[in-house]
Structure formats: C-alpha cells, structure tokens
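First up is the structure itself, then whatever we jot down about it.
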Amino acid sequence: MADTATATAVDHHDDHGHSESFWSKYIFSTDHKIIGFQYLFTGMAMGLIGGFFSYVFRMHLAFPGSEVPFFGIVSPAAYNSLVTNHGTIMIFWVAMPVLIAALGNFLIPLMIGCDDMVFPRINRLSYQIFLISAIVLIASFFVPQGGFGGAWTAYPPLSSEAEYNGTPFGAPMWLIAVTLEIVAFLLGGINFITTVMNARAKGMKLYDIPMVVWMIVIASILFMASVGPLVAGAVMLLFDQTLGTGFFDPAAGGDPVLWQHLFWFFGHPEVYVVLLPAMGVVIEIICTFARKKLFGYKMILYSSVGLGILSFFVWAHHQFISGVDPRATYLFTTTTLLISIPVALMLFAMIGTLWGGSIRFTTAMLFALSFIAEFLIGGVTGIWLGSSGTDIYLHDTYFVLAHFHYTFVPIAIIGTFSALYYWFPKMFGRKLNEFWGKIHFWGTIIPFNGIFLPLFILGAAGQHRRIAGYTAYPDLYTENFQDLRVFATGSLIVLILFQIPFFVNFIVSLKRGQKAGPNPWNANTLEWVAPSPPPHGNFGDDLPQVYRGPYEFSVEGREEDYWPQNEPDPGPSETSK
Amino acid sequence: MASHSHPSYLKIYIMLLVLFVISVAGPEIADIMKLEGATRLILVLITAFGIALVKAYYVLAYFMHLKFEKIYAPYILLSMVALLFVFFFGTATDAMKSEGHNWEKTPIVLPEDKGFDHHDDHGDHSHDDHSGHDH
C-alpha cells in the first residue's frame, strides 16, 4: 500500500507542471479521469458505427432489394458482415468501454476518495490496447471480402472455414480484435479491484462503498473469471482458420460444440458484467432523486454476488438445440430460472427505494426509471428462452433478438444515458440542458419499444434472425409481417434522429451549459466533494474522510435532506440513527 | 503491507528443488522395484502429483506473493479453480456420454470415407457442392 501510494504521488509530482502539451495531457495521460474520457469517447464513436450498421440492415429488411441511402445495395454477404459487427461492436466496443471502463475509471477513485488508480500506467496501457483492438476491428471492414460474417457468436464451422463465412481476412482480424479487447479489460479490471480494496478513503468500510463501485468490482471479478475459456477458444479458432488445425472440426476429430461451451461460458457471465454496472448507476440515481436511503443495501450486494456465482452455472441455455446432452438441459433450465431471483430482488429493492420518496423527475431519473421498466420486459421474456421446451421453438428467431435487445439496450444505452446526464456536471463542470434532455429521453424510449415489440411478434411467427431477406419465403413475406418490419425500421430511424439533440446538447453544454457547483444534485457520495470538474489529483492535499454510508438521505432531525459521507458527525446530543 | 518481512527465496528455491528430485525419483523407484497395481499407483500419485501440488502451493504462496496479499486475492484465485471444475462438470455430459434417449452419437466420418473422390468424377464444382451439404 505504502509503495503504491508513493508511486502515484511521484507520478502526480511529475505531471503537475502546467506546461504539458496536448499529447501528454489528453493522449498519453495517466490521469484516471482522462482515461475514462478516452474510453467514453471511443465507445461513443464506436456506438455511431454500430448504430449505422443496424440502420443499414434494418432498412434492407424493410425494403429488400432497394438501395439503402448512404450504403447502397446490401448483398447477403454484406448482411452477414453487418449483423456480425453490429453485435460485436455494441457489446465489446460500446457497452464494455462505456459502462465498465469509462465509468469505472472516472468514478472509482472519486467515489472511494483517493487521488488516482493504484496502477496509473497499467490503466493507460489498458486504453492503448483497447484502442488498437478498435483499430484492428475497423480495419477488418476494409480488407478484401470485408469484415467477419460468421455472427458475433462465431460458431464453427461457419466461423472456422473461409469458404463458409466468405471472409478469409475479416475472420482472423475479428478474432484478434476481440482477444486484444479482452486483454485491455483484464488490465482495467485488475486495476479496479486493487484500487477499491486498497485505496479507500479513511473510514470507508466495505459497507460504505457506493453501490456502483461495488457493482463494477463484482463485474470485473466476473470478467476475470470468465474470459479464460474464451481467449483459449479464440486462439484455437484462429489456429483452425489460419494453420489448418481441427479443434472444432469433426472431420479432424474436433468438436464444434466445444466452441459453443467455451464461448458461452464467457458469454453468459458477460451479460452480468455489463448489467451490474448499469444496475449500480441506476441505484445511485434513484437514491439521489428519490431523496431516500437505499432499500436493502446488503441484500442488493449479496444478491449481486449470488447473481455472479449463479451466472457461471447457466451457460448451456444458449445451446439447447446445439446437440448438448438432453439431461444437461434439465440442469441448465433450472439454474436459468433460479437466476431470475437475485435480479428480481435487485429490481424490487429499487422500486422499494422509490416507495415514499420525494421523487424528482430529472432526465437522469427518467432514464433510470425506464431502465427498470424496460429491463423487466427483457427479463420476463427470457423465461421462455431459458426453458428448454419453449426454446426449441423460439431459438434463433427474432424473439430471441427482441429479448436480448430489451436487456442490452436498457443496460448499454439507457444506463449509459442516465449516467451521462447524472455525472456530466462532475465530468465537465456544466449541466446538460434538461429540456432537450427530456425530449431526447422520450425520443429514445418510445421508438425503442417501437423497434422491438414488433420483433417479438415476428419471432413468434417464425422469422429467423440470420436470414438476409424474406422475399424467398412467401409464408413470411406477407403484407402483415412486412408492415411490422417497416414499422420497426421506421422506429429505428426515429430513434437515431432523436440522438441528434443529444449530441448537440452534449457539445453545446460543454461550452455554454449552466455552470454546476461541486454538488449540483445534493448527493452524498465522495465524488461530489471534489470540485467540478475535479483537478488532477481530485481532492487536493486533504483526501476526504468517511463517516457514514453513501445513502443517508432525508435523515430525521437534520436541516438538509442529504448528509454527505465526508461530513463529521455533529455533537453526541444531536446524533440521529 | 510494506512492513512484512520476505522469507528467504533461496531457501524456498532449494526446497522446491528437493521436492522436484523426490517427485522424479518416486516413479523411477516404482519402475526399479517393479511395483504393480495399487502400490505402484499410490506411490506414483503421491510422489508425482502430490508433491506437485505442494510445489504449486509454495510457488503461489511465496513467489506469487499470495501469502502476503490481502485475503481476497487468494480467494479470487481459488474461485477460478472452482470454476474450472464447473466448466468440466457442465461439458462432461457432452464429452463422456455416447448415447442418449433421443439421439445417437454417430461415429466420426473421415473425409476419405465419405466418398468425395467418387463425386470428383463429375468435375470440381460438384465436389464443392457436396462438401457444403454433407455434414
């Protein structure tokens, strides 16, 4: 501890000069806030690419054969490449960097009251590897035959044989990019765990840590525990593609189902890796804007640990029709249905926090509330997919697709927006415009339901998610179904158009937004003690000291309805419980 | 944490070397004495695998510093080992079972047994067509 503390102190001393150039300040910085911004902006830029891909293939599905504006005719090969890279980008290059890396880097040192991460240079290395991975992925779109077209789950033999996926150069580049990205997040995760365990402010006990920090730590542990099989599998698949080995090739004695096991042993915990930070964000925001103490802090903490443990026992529910042993499906159906219990506990705790609170409907709060509502739809529709009987029918249809978008969009889009509207004043010292924020909110939530509710119907009617065009299937190319597809595509375009106010609001508020003091929302946690935006070193020379838990809102007998964690207790006569 | 005193790494290294000699010598002795059956199995398991576990413990505890870390670090590592067994357990039914109620595991068919050469009589592109359809 002492070693690392001096190391960071030396770092700060070195960096404190005001003559630093743009490059050393913003590009090669070791400051956790700058690295957080690097992750945030890279993630947002990748989000634009992933969003554009979804626009192209949804337009193609709604108007097959016609030219898509800004893209052209979508060939089946291009369709494969677009859906593959849409999935990959949105999960690995948007949800992960923004929710875990950007928020984790920005918030953890501020919320636990220390001056920086314990390994600032590993932190910088983490972003640099991540940036290389993003460049490799984008470069793969421009090689001959284009980006990888074997679906984001990359099942062999489709992914291992170039003659099947049609992308001899895109496929290995995709695998290399994913592996590099995972290395980057392992470095970041180690940093998060070590920082929270060793560098907390004086007086901050384990149960005084804000929930979002706990969630990022648990997510990092889940990530560390689950990526091993995927990296091993990715290297094996790379060998299958390039060196002619046969790990996943039955003809050479391999087994394609092995890849599915390796992938989903990572893939299912990964869902919770991105879910937990979003849950943490929502909890922070709900407590602040309901002006009420968190309902069941320990219950949420333990159920998220239980969720993490259970998430390693459910992976084969993605493989019910892949030829896994039918007896194993009993086991995996049971564990899958069990996992809804901790998630439901956490959602009920959020609703319980709202009960009797004095709720303020800021934009951040609206996004947080919509997270609960929309995620609930995603969770409940998962019950049919987790039961092996119904999953045989619904597998790989648009029902699955609508289900996981109802979980991932609340996590990655709604969770991120609520976090941005809430912490923007801390990040940049100015507030985002609330009026345009609310327009952005309604313009995001309503079209979002408009996209995916029709897809539930289409999926239940049998539309398969991997088929590029339905013109060849007269049963499914009827007017009713096509109308639903056009409606979903129209909703998507509305949703994309309503992101313009957000980006304009973001850029204008950076320069002209209403100035925010250190604590614009009257919240309790330590990041609101530092000035907005926090200077290098966050709190100046005196690191804050913690006296109580993070959610002491509306305590009886106090004049203000909040009680910052760093405020010393008043005299013993006034102490309230 | 900075106050803890490091053990002598040389001592542990020498100890690991001694253990290594034992773990090599055990199976050798089993060979020389021409042991068979359970006695041989027990001797080899204890000297080769048992000692390997002891060596692994010393490497983890001292060279990887787990003995001096906060208690959560070894726990995280242990949970990873536990997850390895979860993975083996979950895939065991696929790997070890060769028959089921509603399906059967067909024996591996090597390419030459599929009669691809036969199709080649019709020309190269028909070969491609068939390899795409045959599983």
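Sequence lines set the chain letters: A, B, ... in the order given, protein chains first and strands last, and positions in each chain run from 1.
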Which of parallel (below 30°), tilted (30 to 60°) and perpendicular (above 60°) describes Phe87(B) and Trp315(A)?
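Phe87(B) and Trp315(A): parallel rings.
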Exercise: identify the closest heavy-atom pair between Met80(B) and Ile221(A)
CE-O, 4.3 Å
Between Met197(A) and Lys70(B), the two heavy atoms sitting closest are O-NZ, 2.8 Å
Heavy-atom contact with chain B under 4.5 Å, split by part of Ala225(A):
both
Going by atom type alone, with no hydrogens or angles, which donor-acceptor pairs under 3.5 Å involve a side-chain atom of residues 25-37 of chain B and a protein atom two or more places apart or on another chain?
| residue | atom | partner | partner atom | Å |
| --- | --- | --- | --- | --- |
| Asp31(B) | OD1 | Arg40(B) | NH1 | 3.2 |
| Asp31(B) | OD1 | Arg40(B) | NH2 | 3.1 |

Heavy-atom count check: over 12 atoms from other residues, nucleotides or ligands less than 6.0 Å from [X] [atom1]?
| X | atom1 | result |
| --- | --- | --- |
| Phe20(B) | CZ | no |
| Phe85(B) | CZ | no |
| Tyr330(A) | OH | no |

Working to the nearest 0.5 Å, report the span between [atom1] of [X] and [atom2] of [Y].
| X | Y | atom1 | atom2 | answer |
| --- | --- | --- | --- | --- |
| Glu69(B) | Thr194(A) | CD | OG1 | 8.0 Å |
| Leu83(B) | Phe265(A) | CG | CZ | 5.0 Å |
| Thr91(B) | Gln260(A) | OG1 | CD | 13.0 Å |

If we define contacts as heavy-atom pairs under 4.5 Å, which of Val257(A), Ile193(A), Leu331(A) has the most with chain B?
Ile193(A)
Under 4.5 Å from a heavy atom of chain A, the part of Tyr72(B) involved:
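The answer is the side chain of Tyr72(B).
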Please classify the contact between Ile76(B) and chain A as side chain, backbone, both or neither, with a heavy-atom cut-off of under 4.5 Å.
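The side chain, not the backbone.
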Return the set of residues passing side chain to side chain donor-acceptor pair (under 3.5 Å) with Thr336(A) (not counting sequence neighbours), or none when no residue passes.
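For Thr336(A) the side chain to side chain donor-acceptor pair (under 3.5 Å) partners, ignoring immediate neighbours, are His317(A).
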Quick one: side chain to side chain donor-acceptor pair (under 3.5 Å) partners of Ser220(A), sequence neighbours excluded?
none
Going by residue number, which parts of residues 301-312 of chain A are within reach of chain B, meaning a heavy-atom gap below 4.5 Å?
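Hits under 4.5 Å: Phe312(A).
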